[in-house]
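Below: one structure, written as structure tokens.
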Amino acid sequence: MNILLDAATIQSRVKELAQEIERDYPASEEIHLVCVLKGGFMFMSDLIRGMSTRVSMDFIAVSSYGAGTKSSGEVRFQKDLDTSLENRNVIVVEDIVDTGLTLKYLQEILRSRAPKTLRTACLLSKPSRRKVEVPVDYIGFTIEDRFVVGYGLDYAEKYRNLPHIAILQE
Ligand code: IMP
């Protein structure tokens, strides 16, 4: 597989994002990160290690793809949050925004739970594939229309463990 982003490049960009996020919130404010499983887990774990102690976290699981490489547009909700979002500074932490359908759906649901603020951090963005407009406040890397795996991202549940991001040869 061709490596698109090596581990060192990802690590340094995620550190930058962590610092940027911290700078954007007043020091007195707590930040509540909502990791979108499963793809967001590695990004989330590196992101929180780059941040100070004023973070809390929760996890949500949705799936939109089944085992293929093309979005069906169908989003299934598989695990809900454990805690309330009311009056919290929430950041959704997602692996990739592709068509935008998953994120749009998620943002609508989370916004209805009355957070104080709601932002989104995505490690990757494929703007050429967007079907719906969706705001993303923090983007790690903008990439071309390629199916990528590694650093949390899978193909049929494989390759999530890779420390880099590679282009899957179909
Ligand atoms: P969207 O709803 O089309 O934006 O798709 C978002 C979800 O599809 C992501 O959270 C990923 O789980 C998955 N996805 C989209 N593109 C890729 C890719 O290139 N590799 C692996 N998963 C992807």
Side-chain angles (χ1 to χ4, degrees), residues 1-11 13-14 17-18 21 31-48 50 57-82 85 90-113 115 118-170:
M1 278 191 284
N2 287 334
I3 294 184
L4 180 66
L5 298 163
D6 64 31
T9 305
I10 298 171
Q11 291 299 319
R13 181 67 185 130
V14 173
L17 284 178
I21 289 171
I31 305 169
H32 187 62
L33 300 177
V34 168
C35 174
V36 185
L37 295 172
K38 300 173 194 164
F41 83 96
M42 213 177 271
F43 178 35
M44 170 85 153
S45 73
D46 283 334
L47 200 58
I48 53 172
M57 70 197 83
D58 204 344
F59 299 85
I60 200 165
V62 296
S63 79
S64 60
Y65 266 39
T69 61
K70 292 278 178 273
S71 181
S72 60
E74 189 190 309
V75 178
R76 273 173 298 153
F77 205 81
Q78 296 181 320
K79 180 210 172 292
D80 202 349
L81 297 168
D82 295 333
L85 298 183
V90 174
I91 303 181
V92 180
V93 178
E94 172 67 301
D95 54 358
I96 186 166
V97 50
D98 186 30
T99 63
L101 293 166
T102 308
L103 207 49
K104 189 156 183 75
Y105 170 84
L106 254 181
Q107 286 179 349
E108 275 165 21
I109 290 185
L110 300 184
R111 200 171 290 114
S112 74
R113 298 184 183 182
L118 180 67
R119 291 190 185 164
T120 300
C122 285
L123 181 73
L124 304 173
S125 172
K126 286 190 219 169
S128 65
R129 296 250 314 147
R130 211 74 92 239
K131 284 189 186 156
V132 288
E133 229 179 281
V134 62
V136 181
D137 307 274
Y138 306 98
I139 293 176
F141 303 92
T142 296
I143 62 168
E144 307 277 304
D145 181 9
R146 293 282 152 71
F147 195 84
V148 290
V149 294
Y151 197 74
L153 293 127
D154 76 310
Y155 173 68
E157 294 300 325
K158 283 202 320 214
Y159 312 117
R160 291 194 198 274
N161 60 312
L162 300 177
H164 54 262
I165 286 172
I167 298 171
L168 186 76
Q169 317 283 6
E170 288 179 74

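Positions are given from 1 along the sequence. Each ligand, and each atom within it, is numbered from 1 in the order the structure gives. What you are looking at is a predicted structure, and each value in this text was computed from that prediction instead of being measured.
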What atoms in ligand 1 come closer than 4.0 Å to a heavy atom of [X]?
X	answer
Asp98	1 (P), 3 (O), 4 (O), 5 (O), 15 (C), 16 (N)
Lys126	16 (N), 17 (C), 18 (C), 19 (O)
Thr102	1 (P), 2 (O), 5 (O), 6 (C)
Glu94	10 (O)

query: With respect to atom 4 (O) of ligand 1, which of Gly100, Gly152, Gly150 exhibits the smallest heavy-atom separation?
result: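 Looking at heavy atoms only, Gly100 sits closest to atom 4 (O) of ligand 1.
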May I ask you to identify, for [X], whether its side chain, its backbone, both or neither come under 4.0 Å of ligand 1 on a heavy-atom basis?
X	result
Asp95	side chain
Lys131	neither
Thr99	both

message: Using a 6.0 Å cut-off, check whether atom CD of Gln11 has over 12 heavy atoms from anything other than its own residue.
response: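 Yes, enclosed.
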Using heavy atoms and a 4.0 Å limit, tell me yes or no: is [X] in contact with ligand 1?
X	answer
Asp154	yes
Gly39	no
Arg146	yes
Ile96	yes

task: First locate atom CG of Asp98, then atom CZ of Arg129, and finally report the distance between them rounded to the nearest 0.5 Å.
output: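 Between Asp98 CG and Arg129 CZ, I get 4.0 Å after rounding to 0.5 Å.
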- prompt: Any N/O of Phe147 closer than 3.5 Å to an N/O of ligand 1?
  reply: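 Such a contact does not occur with ligand 1.
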task: Using distance alone, determine whether Val148 and ligand 1 share an N or O pair under 3.5 Å.
output: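 Yes - when backbone and side-chain N and O of Val148 are compared with those of ligand 1, one distance drops under 3.5 Å.
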message: Please check this pair: side chain of Lys79 against backbone of Phe59, looking for a donor-acceptor N/O pair closer than 3.5 Å.
response: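 At least one qualifying donor-acceptor pair exists.
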field: Lys38 vs Asp95, side-chain contact (heavy atoms from CB on, under 4.5 Å): CA-CA, chis, key distance, verdict
entry: CA-CA 9 Å; Lys38 300 173 194 164; Asp95 54 358; over 6 Å; no
- prompt: Are the side chains of Tyr151 and Val14 in touch, meaning some heavy atoms are under 4.5 Å apart?
  reply: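 Yes, their side chains come closer than 4.5 Å.
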field: Student check: side-chain heavy atoms of Val97 and Arg130 closer than 4.5 Å
entry: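 They are in contact (side-chain heavy atoms under 4.5 Å apart), so the answer is yes.
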query: Which is it for Val36 and Val62 under the side-chain contact (heavy atoms from CB on, under 4.5 Å) test, yes or no, and what are the steps along the way?
result: CA-CA 7 Å; Val36 185; Val62 296; 3.8 Å; yes
Quiz: residues 132-143 side-chain donor-acceptor pairs under 3.5 angstrom, not counting sequence neighbours:
from   : atom 1 : to     : atom 2 : distance (Å)
Asp137 : OD2    : Thr120 : N      : 2.8
Tyr138 : OH     : Asp24  : OD2    : 2.7
Tyr138 : OH     : Arg119 : NH1    : 3.0

field: Set of side-chain contact (heavy atoms from CB on, under 4.5 Å) partners for His32, sequence neighbours left out
entry: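 Once residues adjacent in sequence are excluded, the partners of His32 under the side-chain contact (heavy atoms from CB on, under 4.5 Å) criterion are Val34, Ser56, Asp58, Thr83, Leu85, Arg88, Val90.
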